[in-house]
Amino acid sequence: MQYTKYQEEAINTIDQNLQIIACAGSGKTQVISQRIVNILKSKDDVNPSNIIAFTYTEKAAAELKTRVLKLCREQLGDIQGLAEMYIGTIHSWCLQAIQDNIYEYQKFSVLDEIKLKLFIDKHYQQIGMADVGMDRYTDTGRFIAIMSILREAEITDGKELDQEWIDAQGKYEQTLKSSAYFDFTMIMTEAILNLRNNPDFKNKIQEKLKYLIVDEYQDVNPIQEELIFNLASLGANICVVGDDDQTIYQWRGGDVRYIQTFSDRYPNVHYIKLEDNFRSTKGVIDAALKCILNNTDRLPKIMNASGHQKYDLNDIIYNQFDELDQENQFIVDTIRKVRSESEGIAFQDKKDSKLRGIDYSDMVILIRTWRKAESIMHALQDNNIPFVVSGVNELFQRPEIKAARALYEFLSDELEEDSLKLYWESVSDNIDEESLDFAIAELAKKKPKPKTYYATFSIQGIFWDFIENAKLTEETFFDPGHDGVIGNEINEVIFYNLGMFSQMINDFESIHFTDKPSYRLRGFLNFLRYSADGYYPEGWLNNSYKTPNAVQIMTIFQSKGLEFPVVFIPGMNKNYLPVKKPGGKQIWHFIDKELIKDQYRYETNVEDERRLMYVAITRSQKYLFVSRSKENRLYQKESVFCKEISNSDYLISTTSFDYSDKLKATPESKKETNSILLNFSVLKAYFDCPYRFKLISLYGFNQPISAQVGYGQSLHNILMEMHRRHLDGETIDESQIAQYVDRHLHLPYAHDQIFEDVRESSIQVSYDYLAENREDFDSIEYAEKEIQIDLGDGIMVNGRMDLIKKKDLDGNFITTIVDFKSKDDVQAREITMEQLSMYALGYKELTGETANYLQIFSLDEEQHRKHTQPLANDKIAEIKTKIVSSANDIRDNKLDKTHDPKACASCYQRKLCSGAKV
DNA sequence: GTACACATCATTTTT
DNA sequence: TGATGTGTAC
């Protein structure tokens with residue numbers, strides 16, 4: 001790999017703080033990755049665990065990780081402990097840090113937006129929403145927004161928050177904490193608080209951290225900057241990378257100023273600009289610059305066209321039409337010109353790669369708002385151009401979702417039996433009538449009575465039973481006459497959507513499981529009507545790891561970081577980009593605008609929107625088609641950005657251009673392998689049965705919640721504290737056990753009596769464990785150790801080992817990997833052993849050593865048993881091969897049924913499966 | 001050219 | 001609920 005002078009300089013600046021301004025297409029990720037490898041290479045006292053790299057999304061993290069690991073393998077060979085390098089989001093680092101170091105937080109889980117909304121509505125009074133004059137349900141979203149702004153933003157100097165809001169904030173956090181929940185903000189505030197006030201915590205972080213790298217630094221908000229500043233203050237070298245022209249997350253409080261003033265706030269900063277764009281032609285770059293130069297608030301910089309892509313006439317076109325249909329027709333015609341039936345325009349991905357014909361998946365249509373997508377989708381569909389869209393939320397229009405909802409309307413007597421039957425018959429003609437009648441009859445028996453015990457009523461269980469009784473499987477919905485959307489058969493789409501419905505039930509019941517059944521049922525229907533609608537995406541893109549060969553339609557936001565040979569930016573009208581402010585109730589109706597420092601950042605302004613336009617244009621490697629037409633009343637006039645880019649000499653208006661004399665080649669999708677990140681439990685499901693994996697991981701069918709949920713995890717946490725404290729040099733004795741149990745035992749769905757019983761038995765189990773194993777404690781090497789395996793080719797597996805023991809038998813070290821099970825399950829033993837041999841592989845990556853024994857330790861109250869097996873010599877190589885081939889099958893969507901009676905017998909998902917053999 | 005009434009339309013999304 | 005476009009009156 002050839003680096004430019006400035007890239008080289010960035011890679012080699014490792015003893016000084018570093019700020020990199022990286023323009024679009026400047027090879028940023030490659031530079032960061034190479035710099036990390038360079039640190040490991042040239043610093044003898046630095047190992048992977050000394051490095052933390054923050055990215056903004058999980059996806060970006062996976063990409064960076066893959067790149068770093070690849071370079072490490074190439075340049076450093078077999079290096080141990082790479083898993084201990086942190087590459088991930090700020091949030092997950094914080095969560096990991098506090099859960100790893102503060103025992104109380106191990107039982108906590110994080111509420112995502114929809115569950116948080118359910119939780120707040122449930123605890124409306126207690127949580128303080130009523131006190132600030134907000135209405136239940138209708139204002140919840142705004143309450144959430146205010147809670148995050150109050151805690152993530154800064155308060156204007158000299159202003160003070162009203163007491164009622166301070167109280168509400170306190171109540172809100174207290175209520176969440178008492179149920180062992182975090183919201184996204186608390187993860188960060190807790191980490192910062194502990195860095196400041198908890199010396200043990202601070203020391204543990206400080207001991208390790210030597211290099212901190214922050215990608216996408218331009219999008220950092222005040223609380224994140226505070227965390228970064230605190231971490232850097234521990235004495236770490238800090239490197240930030242970003243482009244102030246690509247700040248597009250201001251609605252999260254992202255503040256360009258942090259990157260603009262970095263060197264004022266951090267000492268000894270070396271400043272490097274990467275101004276070579278290797279992605280796009282001179283024409284694309286010129287158009288982008290003509291636009292972004294109108295922003296006043298930016299760091300001075302240039303952008304050179306330094307790549308191999310060459311501008312040709314008619315590459316960049318801007319057209320205006322009178323009618324929307326004409327505009328869409330232009331898009332269709334252009335797609336056909338670029339890629340016709342058998343040939344595509346020749347394109348060269350890299351300087352030295354061979355020519356290939358542009359294919360559908362090389363083209364993207366970028367939109368600012370989702371309402372723009374519909375007419376384009378129709379035009380493409382009518383012209384048989386394959387396309388994929390992600391983020392359309394019309395799920396509740398789908399017949400299978402209406403039918404699933406009807407089950408519960410029937411249960412709560414809002415719907416007649418005949419109507420319910422009609423709903424299901426409209427999903428597919430193939431449903432067996434007799435089975436359907438039977439399923440409905442069984443369903444009718446489950447109507448909740450006033451005294452039904454909550455734990456015997458399960459919305460999820462009812463759903464699964466209905467599917468089983470009605471004999472609904474993926475095959476049922478097969479319909480050769482009915483086209484699914486590209487890449488997916490219609491039956492896959494329907495089953496995916498039913499899986500999404502299962503997800504909705506799970507989200508709801510995870511908050512409301514202990515509600516009285518009749519009340520819970522009503523609540524669920526309201527949830528579907530008022531909250532869930534519009535929140536869950538329709539399933540025709542995300543149900544596979546495979547990217548289909550199709551034109552992609554996505555928002556400009558989603559396109560950040562991607563590149564395409566061909567980019568369309570349609571609908572370029574005033575009020576669309578820059579977007580018009582929406583009406584309706586705003587959070588500023590409830591809190592004083594003046595209160596929040598730089599409040600304007602949370603509202604979009606023209607410069608923010610211009611940055612979006614800039615991001616959109618710079619996605620293109622060569623072809624760029626901007627267009628507009630008069631739509632409805634709001635969209636009559638041309639966007640100001642069109643006038644700006646029209647100043648570029650490279651931009652032409654024409655509909656009669658011709659690509660026929662261009663060099664052609666056979667269409668061929670870009671070869672790129674998506675990184676695939678698996679964990680051990682997902683892989684375990686795959687080993688059992690690939691189709692089971694599909695139902696769980698791709699379709700999202702969730703098993704019903706039970707009153708005992710949490711017991712196994714609690715036991716793990718209790719033992720972990722014992723082991724960890726022993727490792728820290730403390731003496732563990734029986735007198736502490738009750739304390740550990742009370743700290744960790746968390747059964748969110750158990751009533752008082754069950755809780756007491758489980759508490760008693762947990763104490764007993766822990767007591768016995770300690771008595772029987774104390775002697776062994778000195779041989780503990782790790783307790784709850786995160787491991788990660790990199791199998792190359794973008795395949796990564798991660799997981800946690802419960803316990804590693806290393807015994808010194810007179811100079812011979814015997815290593816045993818232990819997995820705790822709360823129940824002795826004879827059937828699952830074999831599969832658990834397989835899981836343990838995966839851990840052995842992880843252990844080898846971590847330490848370079850091969851474990852000797854694998855042990856399953858069952859913590860059954862009646863009989864605590866150990867099953868120990870030696871690790872066979874060839875087992876590690878064997879399991880490695882097995883994981884790689886599994887990962888490749890997952891990538892190719894080869895997820896067939898096992899038909900193995902043994903696997904089917906212990907599979908809960910068999911209720912949804914046509915191939916189950918028991 | 002401007003003031004005003006009235007009709008029309010209505011974001012993005014990550015953790 | 002609020003911003004914008006259109007039509008009308010002056």
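Treat the numbers as computed from the prediction; the structure is a model and nothing was measured. So you know, we letter chains A, B, ... as the sequences are listed, proteins then strands, and number each from 1.
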Next item on the list: Kindly indicate whether the side chain of Tyr56(A), heavy atoms from C-beta on, has any atom under 4.5 Å from the side chain of Gln224(A).
Entry: yes

Checklist line | Partner set under ring pair (Phe, Tyr, Trp, His ring centres under 6.0 Å) for Phe641(A), not counting sequence neighbours | finding: none

Notebook entry, point to check: Mind checking what makes ring pair (Phe, Tyr, Trp, His ring centres under 6.0 Å) contact with Phe201(A), not counting sequence neighbours?
Noted result: none

Hey, does the side chain of [X] come within less than 4.0 Å of [N]'s phosphate (OP1/OP2), counting only N and O?
X	N	result
Arg371(A)	dA10(B)	yes
Tyr635(A)	dA3(C)	no
Asn575(A)	dA3(C)	no

Item checked: Sequence-distant partners of Leu209(A), side chain to side chain contact (heavy atoms under 4.5 Å, CB included), two or more places apart -> Ile52(A), Leu212(A), Leu231(A), Ala236(A)

Whole Å only: how far is the [atom1] atom of [X] from the [atom2] atom of [N]?
X	N	atom1	atom2	value
Leu577(A)	dT12(B)	CG	C1'	11 Å
Ile367(A)	dT11(B)	CD1	P	12 Å
Lys560(A)	dT11(B)	NZ	C1'	17 Å
Lys372(A)	dT11(B)	NZ	P	14 Å
Asn632(A)	dC9(B)	CG	P	5 Å

Checklist line | With Ser675(A) via side-chain hydrogen bond (donor to acceptor under 3.5 Å, both in side chains) - residues at least two apart | finding: Thr66(A)

Checklist line | Residues that Thr369(A) engages under side-chain hydrogen bond (donor to acceptor under 3.5 Å, both in side chains), provided they are two or more places apart | finding: none

Check: Taking the same atom, P, in dG2(C) and in dT13(B), what whole-Å distance lies between them?
Finding: 25 Å

Next item on the list: Could you give the distance separating dT1(C) and dT12(B) at their P atoms, to the nearest angstrom?
Entry: 22 Å

Margin query: I want to verify a distance call: between dT11(B), dT6(C), dA10(B), whose nearest atom is closest to the Gln636(A) side chain?
Written below: dT6(C)

Grab the N/O contacts between the protein and nucleotides 13-15 of chain B below 3.5 Å, and write none if there aren't any.
residue	atom	partner	partner atom	Å
dT13(B)	OP1	Thr555(A)	OG1	2.8
dT14(B)	O2	Arg252(A)	NE	2.6
dT14(B)	O2	Arg252(A)	NH1	2.9
dT14(B)	O2	Arg252(A)	NH2	3.4
dT15(B)	OP1	Glu58(A)	N	2.6

Margin query: One thing to verify: whether Arg800(A) and Glu786(A) come together as a salt bridge, which I'm taking to mean a side-chain N less than 4.0 angstrom from a carboxylate O.
Written below: yes

